[in-house]
Amino acid sequence: MAERTAAMSWLTVDTPLPSGPLHVAVTAQGVAAVGYLGREGELPRCADPSKIAAVTGRVGEYLAGRRRQLDLPIDWSLSAGPHRAVLQTLLREVPFGRTITYGELAVRSGVFGEVEEPGLAARTVGQMMAANPVALLVPCHRVVAADGIGGFGGGRVGIDVKRWLLTLEGVMEPTLDWNGPL
DNA sequence: GTGAAGAACGGCT
DNA sequence: AGCCGTTCTTCAC
């Protein structure tokens, strides 16, 4: 899993998300990984006050509904090739409050050739989202299925997080488990 | 008309 | 090599 973790350190951000605190791995370049479930147990804890302040501050504002984009520098070193291309396409093409389907993201990224059957590349895109190292920064939660919300990593808790974020952005109607900023 | 099940394909861990 | 955050088609009520 974590091969190049030399210059990487992690910190946690307390969030109102159903999944609890967010785990963020940072490097000199920026944010390299974000996990709803902790998986950076082997990394040293981040001791840089400015990074901690920037990450916790912006994430906090975003999740409180006071910020529409995080504007945090992203270290793409954990993703490469088509994976990175799709993530960057998503980041650039889908703004706050908008959603896109797996199939359409596949087409717009251009990674899968000119045009393919919607069903072919869509699944691959889903796999890429599942493997997205920088969740939240790259709005993988805005990628939905053709006729539903689609899936999300981490099983059921993951779906809750996705719905929570989509509700925050005004895409979904508030649900009973909504405990965000109202 | 609505609901459920199956096959196909490409890339990540 | 195995595992999917899908989709579309088709069969069954």
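Quick note on labels: first sequence line is chain A, next is B, and so on, each numbered from 1.
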>> Count I, L, V, M, F, W, Y as connected when their side-chain heavy atoms are under 4.5 Å apart, and connections chain through other members. Are Val143(A) and Trp76(A) then in the same cluster?
In response: yes

>> Please pick, from dG5(C), dT6(C), dC12(B), the nucleotide with the shortest atom-to-atom distance to any side-chain atom of Ala122(A).
In response: dT6(C)

>> Output the rounded distance in Å from CG (Leu120(A)) to P (dA7(B)).
In response: 16 Å

>> As a test of reading the structure: which of dT7(C), dC12(B), dC9(B) is closest to the side chain of Gln127(A), going by heavy atoms?
In response: dC12(B)

>> The side chain of Phe152(A) is closest to which nucleotide in this list: dG5(C), dT7(C), dG11(B)?
In response: dG5(C)

>> Nearest to the Ala146(A) side chain among dG11(B), dC9(B), dT7(C), which nucleotide is it?
In response: dT7(C)

>> Using a 3.5 Å distance criterion without hydrogens, assess whether the side chain of Arg142(A) forms a donor-acceptor pair with backbone atoms of Val94(A).
In response: yes

> Paired stems touching DNA chain B, three or more consecutive Watson-Crick or G-U pairs with both distances under 3.5 Å?
Replying inline: B:1-8 with C:6-13, B:10-13 with C:1-4

> Which whole-number value in Å describes the distance from Asp147(A) CG to dT9(C) C1'?
Replying inline: 14 Å

>> Side chain of Arg123(A) only, heavy atoms from C-beta on: which candidate in dC9(B), dT7(C), dG5(C) is closest?
In response: dC9(B)

> Under 4.0 angstrom, heavy atoms only, what part of the nucleic acid is Val125(A) near: base, sugar-phosphate, or nothing?
Replying inline: nothing

> Rounded to the nearest 0.5 Å, how far does CG of Leu168(A) lie from CZ of Phe96(A)?
Replying inline: 5.0 Å

>> Keeping Thr101(A) on the side-chain end and Val144(A) on the backbone end, is there a donor-acceptor pair under 3.5 Å?
In response: no

> Nearest-Å distance, CZ (Arg163(A)) to C1' (dG5(C))?
Replying inline: 15 Å

> Could you state the NE2-C1' distance from His83(A) to dC4(C), rounded to the nearest angstrom?
Replying inline: 13 Å

> What is the distance from NZ of Lys162(A) to P of dT6(C), rounded to the nearest Å?
Replying inline: 8 Å

> Roughly how far apart are Leu63(A) CG and Leu22(A) CG, rounded to 0.5 Å?
Replying inline: 7.5 Å

> What does Gly153(A) touch in the nucleic acid at a heavy-atom separation under 4.0 angstrom: a base, only the sugar-phosphate, or nothing?
Replying inline: base

> Roughly how many Å is it from CZ in Arg84(A) to P in dC12(B), rounded to a whole number?
Replying inline: 12 Å

> To the nearest Å, how far apart are Met129(A) CE and dG11(B) P?
Replying inline: 14 Å

>> Please check: side-chain N/O of Arg84(A) versus main-chain N/O of Ser79(A), any donor-acceptor pairing under 3.5 Å?
In response: yes

>> I need the CZ-C1' distance between Phe112(A) and dG11(B), as an integer number of Å.
In response: 8 Å

>> With rounding to the nearest 0.5 angstrom, report the OG1 to NE2 distance, Thr12(A) to His23(A).
In response: 6.0 Å

